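All values derive from a computational prediction rather than experimental measurement. A, B, ... follow the sequence lines: proteins, then strands. Residue 1 opens every chain.
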Amino acid sequence: MASETGVRSRWINAGNIQNSGVEMLITAVPVETKNWNWTLMLNLTRNRNKIISLAPDVERYRLGGGGADTDAWATVGGAYGDIYSSYAFARNEQGQKILNSDGSWRRSGTSEKIGSLQPDLLGGIVSTLSYKGISFNMVIDARFGGDIYSNSYNYGTSSGTLKHTLYGRDAENGGLPRKLEDGRVLNDGMIPEGVFASGTVVNSVDLSGMTYQEAYDKGYVEPLSAYKYYANLADWGTGIREQAIKKCSWIALRELSLRWSLPKDWTSQIYMQNVSVGFVVRNVGYLYNSLPNNIHPEGLATNQSSEYLESGGAAYTRNYGFNINVSF
Amino acid sequence: MKTIKKILCLLPLSMTLLTGCESFTDINNSVSTVYEVDPLTFLYKVQERNQGAGSTWTDSYACKLRWLQYCSNIWGYSTTNFTYFTSSIGADLYSEWLDVGGYATHIEYYISKNMPDDLPRYSDLIEVSRIMLINKGIATTDMHGSLAYTEGWGLRRGRPDLENPKFDTQEELFAIWDQELKTAIEKLSVSTDQVSLAGYDMAFKGDISKWVKTANALRLRIALRMLKRNETKAKEIAAEVLKSSIPTSNEDGFIIKFDKLYTNNGDWHSVIDMDRASAPFMRYLKTYNDPRKRIYFRINNLTSENVTQYNSEQTDPEKLIPSDFTQWEGGTVSYDERKTDKRYFSRTLKDGTDMRAMNQPQVRLWKGMYDNGSGGSWFPNLTYADFCFMASEFSLLGVGNAKSAQQWYEEGITASLKHWSAMGEYCKIYEYEPITDAEINEFLSQPGIAWNAANALEQIYCQSWVEHYKNTNEAWALWRRTGYPNQTSSIVTFDKVMINGEEQTVPRRTRFAYPAEGTPNKANMIDRIEKMAADAEFGEIQNEFGRLWWDKK
């Protein structure tokens with residue numbers, strides 16, 4: 001709304017979002033004997049989400065969540081939660097990243113789609129194995145595809161606190177020899193991937209369109225220091241946010257529980273119908289996590305439906321529980 | 001039996017459901033929203049939003065105190081960008097204007113919707129809020145030109161059809177406001193059986209006669225703005241005003257006074273982080289021994305003992321404090337001279353005492369609670385002295401009234417000195433010492449200050465400038481309208497502002513920009529700019545040195 005109307009915004013019912021997909025549920029009882037029983041439930045969901053229209057004259061709408069120079073948008077023709085940033089890599093027509101003359105990556109400047117928070121597939125398995133009065137329960141959750149923006153990764157890269165930034169710091173970790181002005185040689189050189197922007201001239205050599213590697217091989221440029229390389233990639237002022245967009249796939253062992261129902265003839269003596277005792281562990285751990293450095297894939301900054309930003313949120317917490325159920 | 005029980009149980013339940021359906025809109029409310037308020041609280045909001053830390057920071061501390069050479073800047077984004085260092089210049093002012101209007105225009109709608117029988121009893125509230133809005137509007141159009149006024153805030157006054165408000169030109173605004181002020185004066189003068197504004201009115205504690213005077217004073221302000229465009233009309237308004245009920249003492253000054261907690265949040269104190277006394281202002285204050293010097297600025301620490309101490313601690317002769325430095329000094333307003341102006345240098349004694357020669361502004365004039373102060377907060381919208389100087393100018397232009405131009409001028413100076421003395425006490429400023437009548441007489445009698453018919457306009461303008469120290473919007477308007485003070489005026493003389501060899505000029509308006517694709521109300525926003533740009537003096541739309549309607553060459 002124009003602020004001159006006295007209000008900044010208004011709530012309207014709007015939007016035509018088409019969801020199409022399949023959901024599959026398989027329930028199986030692989031084992032069933034007098035004393036043994038094993039049931040398995042497998043659930044898989046694949047959803048495709050498309051925005052047909054928003055509101056009259058509105059082609060895109062910024063959704064809540066996000067940050068760090070990235071936003072989630074609902075765009076007509078796109079999906080709910082396409083992630084955009086104008087700090088994406090600038091690329092040439094061949095899709096190569098463009099470098100400035102100092103070896104830093106050029107920011108796109110225009111808002112580019114760098115990911116989507118929509119997962120490709122969601123799934124879950126519930127398994128219950130019981131023997132007489134004892135049952136063992138297991139719940140697995142999984143998500144495949146869709147992206148997350150990780151501030152932890154970004155700033156860990158920038159400050160060098162994450163393990164992957166060891167690469168290039170010394171010869172042992174793949175660092176190239178780099179000559180300083182005073183003649184000393186340090187083995188912390190790195191080659192940024194990408195080609196020089198057209199019109200780049202370094203020491204009166206035209207490097208337009210040449211990859212940094214080529215320019216280095218021909219002796220036109222020195223490698224960048226590892227510090228500079230990571231700073232170019234991830235610093236607040238120069239960084240490319242696209243590099244901290246990560247595929248967010250994981251398989252979580254959500255719950256393990258063990259339950260023992262006391263025999264009826266025991267309980268009936270104390271005038272109780274059913275008594276069971278159990279032990280439960282929630283959030284046991286991730287069987288698979290596509291994020292680097294074990295970043296918590298579900299530790300989002302807010303609980304908005306359009307959130308995709310991980311920003312050093314709550315740690316993954318495992319809970320242990322003991323329970324007694326009594327019915328009269 | 002069972003059936004009866006069932007019926008008995010269901011009966012109250014169904015009754016609850018049925019009655020609930022009837023008043024669904026009443027119960028379907030957010031528990032976190034207050035739906036019914038005392039309409040008087042809107043007046044509080046109107047006055048509270050009239051001036052905030054944000055606009056004071058960007059528009060005054062970091063901008064107009066320097067543009068108008070009251071101060072030399074020691075910090076802030078505008079160090080090397082004198083004219084328009086951030087697009088947020090004027091932005092806070094505009095948002096305050098929208099807020100003030102949002103509350104002010106909502107009042108009538110709110111009362112007629114929720115308590116229609118009481119509407120006549122709130123006439124004073126509605127008119128007083130309108131006066132507040134027009135007052136804010138004048139400052140806003142000074143910067144932003146055309147404003148959405150007649151079609152503005154539609155959604156706050158039950159007009160959802162005004163979703164795309166058109167903008168009124170400055171010329172239209174002045175005509176509408178003048179008429180509305182006239183109507184307000186008439187209504188306020190005859191209203192009876194009104195709900196008292198006493199507990200909520202932070203300007204006049206509900207004294208309606210003072211609001212009538214204020215409305216007249218604002219008409220005079222509008223008339224002065226119109227002078228270059230329509231002299232006949234301007235004089236006509238002035239003549240009408242000066243015959244009516246007008247301010248007669250500092251008690252009638254249109255000043256909003258808050259308790260000290262008002263400046264609890266925000267950067268109110270930043271004036272001392274960013275500004276020090278300028279050479280042009282201090283030259284004036286010292287030349288004429290203006291008693292406001294000690295109210296406006298704090299005495300510096302350059303006592304002879306401290307200077308001796310400081311100089312004995314130095315090894316570099318360049319750093320020594322020259323012997324002619326006093327406890328009242330102003331620094332250069334020119335960036336290029338900072339490296340050589342010894343008054344500008346930052347110096348400290350080893351014990352931490354600030355030995356910078358340029359005097360600090362009396363920070364508590366802006367933030368009474370600074371440094372555990374117990375002073376109040378205030379904002380001058382239109383002081384009595386300001387009114388006197390306007391009346392003096394119109395008298396000089398031949399608008400007859402009970403006083404002569406000289407009388408108004410002298411009355412203005414006397415009022416200003418007394419007002420600032422009172423404000424110094426109100427704000428509990430440092431080293432406060434009231435201004436005495438003897439000082440006022442002495443000040444008034446010296447050449448340059450004493451009325452001099454040959455140089456009267458300059459005298460009026462320069463004294464207005466001195467008075468406007470805390471109302472820098474008005475100082476800016478004065479400078480644009482009259483060109484005073486300037487580098488050739490004799491009472492207050494501005495210096496050249498040089499940044500990297502280039503002389504700087506004070507902007508005359510905001511930078512406009514065409515709305516981006518998809519901006520709501522785009523057509524009217526374009527129309528707004530194009531109407532203003534039709535005047536050749538407006539210049540390029542993004543050129544802050546272009547002129548708005550009243551600011552005619």
Side-chain angles (χ1 to χ4, degrees), chain A residues 1-17 50-67 69-88 107-113 236-238 302-306, chain B residues 30 33 42 45-46 49 91-110 133 137 140-141 144-168 173 515-528:
Chain A
M1 297 291 290
S3 52
E4 288 81 5
T5 57
V7 297
R8 257 74 164 174
S9 58
R10 64 174 161 179
W11 296 103
I12 54 170
N13 281 317
N16 176 359
I17 301 178
K50 189 180 177 190
I51 293 165
I52 309 295
S53 69
L54 289 166
D57 302 327
V58 180
E59 286 296 304
R60 47 193 232 131
Y61 179 76
R62 197 171 81 83
L63 304 169
D69 311 303
T70 69
D71 293 307
W73 289 84
T75 311
V76 173
Y80 179 88
D82 287 340
I83 305 167
Y84 282 79
S85 175
S86 27
Y87 293 173
R107 287 172 166 177
S108 61
T110 51
S111 188
E112 301 290 334
K113 184 176 166 186
W236 177 77
T238 55
T302 71
N303 57 6
Q304 299 187 67
S305 64
S306 49
Chain B
S30 163
T33 303
F42 292 124
K45 288 304 289 182
V46 163
R49 287 300 294 146
D92 287 317
L93 173 74
Y94 195 70
S95 106
E96 284 166 5
W97 150 254
L98 291 177
D99 284 355
V100 170
Y103 291 110
T105 58
H106 186 56
I107 298 174
E108 189 167 357
Y109 171 72
Y110 178 85
L133 177 57
T140 312
T141 185
H144 296 280
S146 307
L147 301 174
Y149 183 73
T150 44
E151 293 195 358
W153 308 284
L155 279 84
R156 295 270 170 194
R157 48 195 181 99
R159 291 287 304 277
D161 57 307
L162 297 178
E163 192 184 307
N164 292 303
K166 75 168 180 64
F167 290 77
D168 306 304
L173 287 170
E517 204 54 56
T519 308
N521 202 22
K522 188 173 164 224
N524 283 315
M525 291 175 86
I526 293 173
D527 182 56
R528 167 201 200 199

Check: Short question: side chain of A/S306, backbone of A/G81 - any donor-acceptor pair under 3.5 Å?
Finding: no
Next item on the list: Would you mind checking which part of B/Y103 comes under 4.5 Å of any heavy atom in chain A, side chain (CB onward), backbone (N, CA, C, O), both or neither?
Entry: neither
Note to self: Sort by residue number and list every residue of residues 1-12 of chain A having at least one heavy atom under 4.5 Å from chain B.
What the structure shows: A/M1, A/A2, A/S3, A/E4, A/T5, A/G6, A/V7, A/R8, A/R10
Next item on the list: Considering only heavy atoms and a distance below 4.5 Å, find which of B/H106, B/R156, B/M525 pairs most often with chain A.
Entry: B/R156
Notebook entry, point to check: For A/Y61, which residues count as a ring pair (Phe, Tyr, Trp, His ring centres under 6.0 Å) partner, sequence neighbours excluded?
Noted result: none
Notebook entry, point to check: Does A/T70 reach the main-chain N or O of A/S85 with its side chain, forming a donor-acceptor pair under 3.5 Å?
Noted result: no
Atom pairs and distances, side-chain donor-acceptor, residues 95-102 of chain B, under 3.5 Å, sequence neighbours left out:
| from | atom 1 | to | atom 2 | distance (Å) |
| --- | --- | --- | --- | --- |
| B/E96 | OE1 | B/S55 | OG | 3.3 |
| B/E96 | OE1 | B/K136 | NZ | 2.7 |
| B/E96 | OE2 | B/G52 | N | 2.9 |
| B/E96 | OE2 | B/S55 | OG | 2.6 |
| B/D99 | OD2 | B/R49 | NE | 2.8 |
| B/D99 | OD2 | B/R49 | NH2 | 2.9 |

Next item on the list: Look only at the side chain of B/E151 and the backbone of B/K166, and say whether a donor-acceptor pair between them is shorter than 3.5 Å.
Entry: yes
Note to self: When you measure from the side chain of B/N524 to the backbone of B/P165, do you find a donor-acceptor pair of N or O atoms at a distance under 3.5 Å?
What the structure shows: yes
Margin query: Run the ring pair (Phe, Tyr, Trp, His ring centres under 6.0 Å) test against B/Y149 and tell me which residues pass, sequence neighbours left out.
Written below: B/W177
